[in-house]
Amino acid sequence: MNAYQHAYARALDDPEAFWREQAAHLDWYRFPQQITAREPSGHCRWFPDGLLNTCHLAVDRHVENGHGERCAILYDSPVSATQERISYRQLQQRVALCAGMLHALGVEKGDRVIIYMPMIPQAVVAMLACARLGAVHSVVFGGFSAAELAVRIDDARPKALLSASCGIEYERVVPYMPLLEKALELAKYPAQQVVIQQRPQCRAELREGREHDWEALLAAAEPVPPVPLLASDPLYILYTSGTTGKPKGVVRDNGGHAVALNFSMQALYDVQPGEVFWAASDIGWVVGHSYIVYAPLIRGCTTLLYEGKPVRTPDAGTFWRVIDEHRVNVFFTAPTAFRAIKREDPQVLLAKGRDLSCLKAVFVAGERLDPPTGEWLQGFLPCPVVDHWWQTETGWAIAGNPRGLGDYPMKSGSSSLPLPGYRLAILDDAGQPLPAGQPGNIALRLPLPPGTLSTLWGDPQRLVDSYLSQFEGYYCSGDGGYLDDDGYLFVMGRVDDVINVAGHRLSSGSLEEALAEHPAVAECAVVALPESLKGEVPVGFVVLKQGQQPDPAQLERELLALVRQAVGAVASLRRVFVLKRLPKTRSGKILRKTLRSLAVSPEVTPPPTIEDPTVLDELRTLFALAGCYAEQDAAKAATGH
Ligand code: COA
Ligand code: AMP
């Protein structure tokens, strides 16, 4: 038996012993006596009676263990021309003071704090400060609109909101105050305390009363120590898109999360304390939570905090510069970022003169690593490029190439093997397991391992309804795919209406809600079409109300603006088609999959449930005239879909 098989079998046969051993790698205030507590739903709580503090594990314990001078955070911001090196000791001081600032504002254990911030060190400090107090942070991605922020405010009902005066997108400064004030106006339960980190690129005018200057509050704050918490106490809420417009608040606990992330750093990423780990994502996404902030710090690594893009900040060589300059050992990003670089610098001329020999591995997730991009990367990188599959809900990888447990072959288009603790099954729609090679729903047998979602904020029943009730005894991932004869997983994409744009997860429902707001729109549908840079882009289809005859170009502009305003810039709705009617089933359900297939290729067989197959002929003509098929051929060539 090799190391991976051994670990996998132990986690399967005796999960309590396996995870108890993993838990022993961390410092607990009280080591858990109980390893699991099963709930009637089949879901499980991990280490329920253990006491620990995630901030202590990520920061203080490294200082206590004599590593105070080790670099904890390397901040590299090409957009603000700033670099900063923060040692574990400095991080401890900054986090303790920031926790003191929150405490002085009345934030206590269990209170929620919204963090709406750009990629600056204060954002990481704020997350850790919440963890120190046992306050529950909810980080909201900066590309979301005021309306989306308001929805998240109302769901979490925060005591405080931490933000900055602006973000920087390429060369564009994005002032945050107008957006924050609008969100607080829209919210029914606005935060009573708003703290703003002023940035020199755009200073905010603060209103007396609710709005405070971060640095002024810090100057008056007293440092506070970490608060011992139960392993099952919530660490954070992270909202993610489901199929409806209402986002799901994935709740992460403290204990299972710390144990699982620490395990993943060793078993999957094979990264050692003191090494430099860089996840080029955003703290607003799960990759940022797990692999910019918590996992590298818990493991005692140096985490690289990068405020910039893969391209145009200032050019497509920026990743190679950062890797070389900061001697990055393990790098993680989304395939779309590499496609953006490849588009601008296909010959990788901008890597010339850069020493990338420090790299041990490059990991990608967020979408499947398309074979053309994978091959391009392997053509010049001195290390393996590893695809791994996971979701906001799981918090760490479900499947990947376990670099720390041996050297396993990789297969193009596959995210390799299930990691210890995950029991993968491919099920048909009736819940029956399918043999190797046959595609179906990817499900995970319960219980899920530590680190995965503990509940959905304020709505535990939704956890059961959304994930656990479709196939009894399983968590339903919402992705489709198959296992091959060697047990390698091939993820083929979502089987629901979730859209994945440039590694950003969006719900077609929220985009449809925005389109439906337009007074001329009677009915609409949004589907994702393959695209050469972002992997997928959303495209809208609207049917107009009777008598409506707007100018088509003007209508499209209005609809795109509406979606951008409602969801945020990140929605990236590409275009909108006006249709005479939508394809529907006899019971009136919109056939989104058929719509999507038909926009990709004219060769579509009408589904047996379709109300009127002639609608497909109308659509074929429209899509051909609009140049859809030519565009799709280009996307196919770029992404191998
Ligand atoms: N704050 C404000 N606006 C933001 C934002 C933020 N934090 N993040 C993105 N936006 C804006 C962008 O500026 C862009 O605005 P525009 O329409 O006015 O140009 C819009 O939202 C769409 O952004 P994006 O989808 O990121 O497209 P892009 O063309 O700017 O960049 C990539 C394309 C591929 C370079 C970029 O998406 C990328 O680097 N992706 C990496 C993926 C990633 O980190 N995924 C997370 C999971 S690993
Ligand atoms: P998020 O919750 O935003 O991380 O998005 C999770 C979704 O992204 C998954 O359900 C998949 O659809 C997709 N995804 C993430 N990683 C991969 C991967 N390596 N291969 C294929 N799809 C992926």
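Values below: every heavy atom of this structure, side chains too, minus hydrogens, waters and symmetry copies. Counting starts at 1 for both ligands and their atoms, in listed order. One is the number of the first residue; the rest follow in order along the sequence.
Using a 4.0 Å cut-off between heavy atoms, Asn500 contacts ligand 2 through its side chain alone, with no backbone atom that close. In Glu367, the part holding a heavy atom less than 4.0 Å from any atom of ligand 2 is the backbone. Within the 4.0 Å heavy-atom criterion, the part of His388 lying near ligand 2 is the backbone and not the side chain. Residue contacts with ligand 1 for Lys534 involve side-chain atoms from C-beta outward but no N, CA, C or O (heavy atoms, distance under 4.0 Å). At a heavy-atom cutoff of 4.0 Å, ligand 2 is contacted by the side chain of Asp479 but not by its backbone. The parts of Ser281 lying near ligand 1 are both backbone and side chain, judged by heavy-atom distances below 4.0 Å. For Trp285, no heavy-atom contact with ligand 2 is shorter than 4.0 Å.
Taking the six-membered ring where the residue is Trp, Trp285 and Phe144 present perpendicular rings, their angle passing 60° and hence far from 30°. Taking the six-membered ring where the residue is Trp, Trp278 and Phe331 present tilted rings, their angle falling between 30° and 60°. Between Tyr269 and Phe277, the two ring planes are perpendicular [angle over 60°; tilted spans 30° to 60°].
In this structure, the side chains of Tyr239 and Lys246 stay at 4.5 Å or more apart for every pair of heavy atoms. Using a 4.5 Å cut-off on side-chain heavy atoms (C-beta onward), Ile120 and Ser77 make no contact. Using a 4.5 Å heavy-atom threshold, the side chains of Trp214 and Leu162 count as touching. At least one side-chain heavy atom of Val567 sits under 4.5 Å from a side-chain heavy atom of Glu148. Residues Asp479 and Gln391 have side chains in contact (heavy-atom distance under 4.5 Å, counting atoms from C-beta outward). Counting heavy atoms from C-beta on, the side chains of Arg423 and Pro447 come closer than 4.5 Å.
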**Report entry** Intermediate values then yes/no, side chain to side chain contact (heavy atoms under 4.5 Å, CB included), Asp324 and Val322
**Finding:** CA-CA 5 Å; Asp324 177 15; Val322 173; over 6 Å; no

Requested in this report: Might you work through the ring pair (Phe, Tyr, Trp, His ring centres under 6.0 Å) test for Phe141 and His504, ending with a clear yes or no?
Outcome: CA-CA 10 Å; Phe141 177 60; His504 307 148; 5.6 Å; yes

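Residues Glu375 and Lys342 are not paired through a salt bridge, judged by the lack of any N-O separation under 4.0 Å between the basic side chain and the carboxylate.
Taking all atoms of both residues into account, the shortest heavy-atom contact from Thr373 to Pro335 is CG2-O, 4.3 Å. When all heavy atoms of Pro296 and Met265 are compared, the closest pair comes out as CA-CE, 3.6 Å.
Contact atoms of ligand 1 toward Ala334: 42 (C), 48 (S) (distance under 4.0 Å to a heavy atom of the residue). Those atoms of ligand 1 that come under 4.0 Å of a heavy atom in Pro310, given as number and element, are 35 (C), 39 (O). Distances below 4.0 Å separate heavy atoms of Ser572 from the following atoms of ligand 1: 22 (C), 25 (O). Residue contact check: Phe141 has heavy atoms under 4.0 Å from atoms 5 (C), 7 (N), 8 (N) of ligand 1. Taking a cut-off of under 4.0 Å to the non-hydrogen atoms of Trp285, the atoms of ligand 1 that pass are 46 (C). Less than 4.0 angstrom separates some heavy atom of Lys309 from each of these atoms of ligand 1: 8 (N), 9 (C). With ligand atoms numbered from 1 in the order given, ligand 1 contributes 48 (S) to contacts under 4.0 Å with heavy atoms of Val287. Taking every heavy atom of Gly143 and a limit of under 4.0 angstrom, the matching atoms of ligand 1 come to 1 (N), 2 (C), 3 (N), 4 (C), 5 (C), 6 (C), 7 (N). In the vicinity of Val491, heavy-atom distances shorter than 4.0 Å reach the ligand 2 atoms 21 (C), 22 (N).
The nearest protein heavy atom to atom 32 (C) of ligand 1 is not closer than 4.0 Å. By the definition of a contact as any protein heavy atom under 4.0 Å away, atom 19 (O) of ligand 1 is not in contact. Remark: atom 36 (C) of ligand 1 lies closer than 4.0 Å to no protein heavy atom.
Looking only at heavy atoms of the protein, atom 26 (O) of ligand 1 is closest to His504 CE1, 3.5 Å. Closest to atom 41 (C) of ligand 1 among all protein heavy atoms lies Thr336 CG2, 4.0 Å. Of the protein's non-hydrogen atoms, the one nearest atom 2 (C) of ligand 1 is Gly142 O, 3.5 Å. Protein heavy atom at the shortest distance from atom 21 (O) of ligand 1 is Ala569 CB, 3.2 Å. For atom 6 (C) of ligand 2, the closest non-hydrogen atom on the protein side is Trp390 O, 3.6 Å. For atom 3 (O) of ligand 2, the nearest non-hydrogen atom of the protein is Arg505 CB, 3.4 Å. The closest protein non-hydrogen atom to atom 21 (C) of ligand 2 is Arg368 N, 3.1 Å.
If you run salt bridge (Lys or Arg N to Asp or Glu O under 4.0 Å) between Arg574 and each of Glu556, Glu531, Glu536, only Glu531 comes through. Exactly one residue among Val140, Leu186, Leu184 makes a side-chain contact (heavy atoms from CB on, under 4.5 Å) with Leu149. That residue is Val140.
Not a single heavy atom of Gly167 lies less than 4.0 angstrom from ligand 1. Between Gly366 and ligand 2 there is a heavy-atom distance shorter than 4.0 Å. Heavy-atom separations between Arg564 and ligand 1 include at least one value shorter than 4.0 Å. Note on ligand 1: Val570 sits in its first shell, one or more heavy atoms being nearer than 4.0 Å.
An N or O contact shorter than 3.5 Å links Gln391 to ligand 2 by distance. Remark: ligand 1 and Tyr170 share an N or O pair separated by less than 3.5 Å (distance only, no angle test). Among the atoms of Arg172, some N or O lies under 3.5 angstrom from an N or O of ligand 1. When only interatomic distances are considered, the shortest N/O to N/O separation between Glu169 and ligand 1 falls below 3.5 Å.
Summarising the contacts of atom 2 (O) of ligand 2 with Thr392, Val498, Asp387, the nearest heavy atom is found in Thr392. In this structure, of Gly366, Ala502, Ala337, the residue bringing a heavy atom nearest to atom 43 (C) of ligand 1 is Ala502.
Ring pair His257/Tyr236: centre-to-centre distance below 6.0 Å. Between Tyr422 and Trp396, a ring centre-to-centre spacing shorter than 6.0 Å is recorded.
In this structure, the separation between CZ on Arg564 and OG on Ser145 is 11.0 Å, given to the nearest 0.5 Å. For the atom pair CG (Leu559) and CG (Leu515), the distance works out to 5.5 Å, reported to the nearest 0.5 Å.
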